[in-house]
Amino acid sequence: MASDGSGVGSGWVFHLILFLSLAVLVFMQIAVLVKLDKSIDKRSESTSISTFMPTSTPDGKCQRPISVTKEDFGKLSDGRPVDRYTVRNGGGFEVQLITYGSIISSIKMPDKEGNLEEITLGFDDIRGYEFDNVPYFGALVGRVANRIAKGRFVLDNVAYNLSRNNGDNHLHGGPRGWSKLMWTAREIVDGVAMTLVSADGDEGYPGEVTTDVFYRVTDDNELFVRFQSTTKKKATPINLTTHPYFNLAGEKSGSIDDQTMEIFSDRYLKSDSDLIPTGEIAGVSGTVFDLRRPTLLRDSLPQFNGSGFDITYVVKGPTGKRLAARAYHSKSGRMLEVFTDQPGIQFYTGNFLNDTGRGGHHYRKHSGFCLETQNFPDAVNHENFPDSILRLDSTYDHSVWYKFSVKR
């Protein structure tokens with residue numbers, strides 16, 4: 001019997017309908033994915049708050065989320081706005097940073113009873129940091145931290161004269177050093193990155209230097225800071241550090257004399273009456289500088305006859321990350337360990353403090369201590385010190401780890 005062709009026609013229609021249905025389904029899936037991608041982009045670009053989902057560690061444990069929030073911190077006297085970022089982990093450990101001076105303005109951590117408390121010295125508002133921060137509370141100091149003798153050095157057969165702000169010497173980058181400049185900030189997954197471009201001739205230094213500083217908070221109460229710098233036009237000396245003042249008993253406790261300090265170093269740099277290194281590296285054995293075992297500051301500070309520690313130690317061990325110092329406060333149980341990849345660490349006990357800080361608290365002498373990881377001071381003028389020159393084809397790279405914990 002001859003076919004009338006109706007079976008062929010209906011089959012063609014069936015396949016067309018099936019094809020169109022599948023096309024619609026594919027289009028709908030693509031639309032959903034595009035919408036989701038835009039939502040993710042919008043969330044990641046938010047400048048108000050970024051909260052990240054927990055991730056797993058190599059041992060399978062779940063990490064708590066790290067949050068980053070941004071808020072207004074007032075304006076400088078010239079009207080420029082200053083932002084404050086708060087980085088917090090799921091356990092309550094918190095670090096605050098401001099874009100003026102790339103300053104660590106606050107660190108809060110719990111004690112062994114779970115009480116959260118401020119453990120750094122600082123100010124309530126931007127006015128304090130702009131006009132009263134002579135001690136460099138929490139500041140990022142550069143282009144060269146610590147002192148350069150007479151504010152002079154010779155580099156590539158050219159003599160340079162820097163601004164002087166510490167008697168006849170240059171201290172922490174000068175009167176308008178990096179702690180007095182505005183930084184550009186951006187949020188990263190677990191913290192904040194800040195950038196500064198320092199012009200050729202800034203405070204007398206050669207070379208145009210671009211610096212990125214990354215502040216990261218971990219789930220286990222560690223603040224990791226990494227400095228990276230490059231230079232254009234000319235080589236330059238560079239030596240960066242952070243300058244927070246710690247008091248593990250709490251910022252308002254008034255003294256660090258009930259805290260122990262341990263410095264993992266056999267040697268220190270001898271210095272003159274202006275705290276400029278003489279170039280001699282001496283052993284700590286038999287001196288007040290011997291902190292190779294935990295030492296209660298109440299026992300060691302009186303030996304300075306009214307002053308205190310302000311000395312550079314040579315960090316023990318090969319290059320790379322090493323434990324440089326450990327501080328502990330038995331009553332609160334708070335402990336701080338400082339790791340560094342730098343050759344030196346400056347231990348300073350706030351010998352010149354006489355300031356009114358956060359909450360109207362009077363910061364007297366020995367109200368806080370600093371542990372500044374860095375190259376040796378005045379290295380540009382000492383051939384036997386580690387090289388501090390950043391060349392055009394190289395990158396300055398310095399990391400410091402502040403590990404906070406509670407001993408119960």
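Bear in mind that the values here come from a model prediction, so they are computed numbers and not experimental data. Note that the numbering runs from 1 along the sequence shown for the chain.
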Problem set entry | Any side-chain donor near an acceptor of the partner, Asn354 and His362, under 3.5 Å | yes
Problem set entry | Intermediate values then yes/no, side chain to side chain contact (heavy atoms under 4.5 Å, CB included), Glu130 and Asp78 | CA-CA 11 Å; Glu130 183 179 9; Asp78 62 7; 5.7 Å; no
For this session: Tell me whether the centres of the aromatic rings in Tyr396 and Phe227 are closer together than 6.0 Å.
Result: no
Exercise. How far does CZ of Arg127 sit from OG of Ser77, to the nearest 0.5 angstrom?
Worked result: 8.5 Å
For this session: Under the side chain to side chain contact (heavy atoms under 4.5 Å, CB included) rule, what do His361 and Thr356 come out as? Steps first, then yes or no, please.
Result: CA-CA 6 Å; His361 301 144; Thr356 300; over 6 Å; no
For this session: In plain terms, say whether Glu337 and Arg326 are close enough for a salt bridge, that is, a side-chain N and a carboxylate O under 4.0 Å apart.
Result: yes
Exercise. Going by the angle between their ring planes, with limits at 30° and 60°, are Trp178 and Trp183 parallel, tilted or perpendicular?
Worked result: perpendicular
Exercise. How long is the span from the CD atom in Glu383 to the CG atom in Asn381, to the nearest 0.5 Å?
Worked result: 10.0 Å
Problem set entry | Tyr129-Tyr100 aromatic ring centre distance below 6.0 Å | no
Exercise. Looking at CD1 of Ile148 and CD of Glu203, how far apart are the two atoms once the value is rounded to the nearest 0.5 Å?
Worked result: 11.0 Å
Exercise. Would you call the rings of Phe289 and Phe304 parallel, tilted or perpendicular if under 30° counts as parallel and over 60° as perpendicular?
Worked result: tilted
Exercise. Can you check whether Tyr205 and His170 have ring centres sitting under 6.0 Å from each other?
Worked result: yes
Exercise. How far apart are the closest heavy atoms of Lys232 and Leu392, and which atoms are they?
Worked result: C-CD2, 3.8 Å
For this session: Verify side chain to side chain contact (heavy atoms under 4.5 Å, CB included) between Arg143 and Ser198, making sure each step is shown before the conclusion.
Result: CA-CA 8 Å; Arg143 181 176 306 191; Ser198 174; 2.7 Å; yes
Problem set entry | Note: Asp290-Arg292 ion pair, threshold 4.0 Å (strictly below) | yes
Exercise. What closest approach, in Å, do Ile66 and Val217 show between heavy atoms, and which atom pair accounts for it?
Worked result: CD1-O, 3.7 Å
Problem set entry | Within 45° cone and under 6.0 Å: Lys316 NZ/CZ vs Phe264 ring | no
Exercise. Do the non-hydrogen side-chain atoms of Met194 and Leu140 ever get within less than 4.5 Å of each other?
Worked result: no
Problem set entry | Parallel, tilted or perpendicular: rings of Tyr245 and Phe137 (30°, 60°) | perpendicular
Exercise. Can we call the ring centroids of Tyr136 and His172 under 6.0 Å apart?
Worked result: yes
Exercise. Would Thr242 and Tyr402 count as a side chain to side chain donor-acceptor pair (under 3.5 Å) if you check the C-alpha gap in whole Å, the side-chain angles of each, and the deciding distance to 0.1 Å?
Worked result: CA-CA 11 Å; Thr242 57; Tyr402 298 99; 2.5 Å; yes
Problem set entry | Asp397 and Arg226 ion-paired at < 4.0 Å | yes
Problem set entry | Derivation of the side chain to side chain donor-acceptor pair (under 3.5 Å) call for Ser388 and Asn375 | CA-CA 7 Å; Ser388 64; Asn375 196 355; 4.7 Å; no
Exercise. Between Phe404 and Ile119, is any pair of side-chain heavy atoms under 4.5 Å apart?
Worked result: yes
For this session: Begin from the C-alpha positions of Val380 and Leu155 and carry the test side chain to side chain contact (heavy atoms under 4.5 Å, CB included) through to its verdict.
Result: CA-CA 8 Å; Val380 69; Leu155 176 58; 5.6 Å; no
Exercise. So, Asp378 and Arg147, do they make that salt bridge, N to O below 4.0 Å?
Worked result: no
Seminar exercise, completed: Rounding to 0.5 Å, atoms CG (Asp111) and CG (Leu248) come to a distance of 11.5 Å
For this session: State, yes or no, whether a side-chain contact exists between Glu372 and Thr312 at a heavy-atom distance under 4.5 Å.
Result: no
Exercise. When you look at Asn221 and Asn89, which way does the side chain to side chain donor-acceptor pair (under 3.5 Å) test go after all the steps?
Worked result: CA-CA 8 Å; Asn221 300 344; Asn89 69 15; 2.8 Å; yes
Side-chain polar contacts of residues 101-109 - donor-acceptor pairs under 3.5 angstrom, sequence neighbours left out - could you list them?
residue: Ser102; atom: OG; partner: Tyr215; partner atom: OH; Å: 2.7
residue: Ser105; atom: OG; partner: Gln96; partner atom: O; Å: 3.4
residue: Ser106; atom: OG; partner: Glu118; partner atom: OE1; Å: 2.4

Exercise. What distance separates Ser255 OG from Asn247 CG, expressed to the nearest 0.5 Å?
Worked result: 7.0 Å
Exercise. With a 3.5 Å cut-off and no angle check, do the side chains of Glu251 and Tyr363 form a donor-acceptor pair?
Worked result: yes
Problem set entry | For the student: nearest non-hydrogen atoms of Pro377 and Gln374, plus distance | CG-OE1, 4.1 Å
Exercise. Quick one: CZ on Arg293 to CD on Glu262, what's the gap to the nearest 0.5 Å?
Worked result: 10.0 Å
Exercise. Does any non-hydrogen side-chain atom of Pro237 lie less than 4.5 Å from one of Phe153?
Worked result: yes
Problem set entry | Residues Asp220, Thr218; criterion side chain to side chain donor-acceptor pair (under 3.5 Å); working and verdict | CA-CA 5 Å; Asp220 57 350; Thr218 69; 2.4 Å; yes
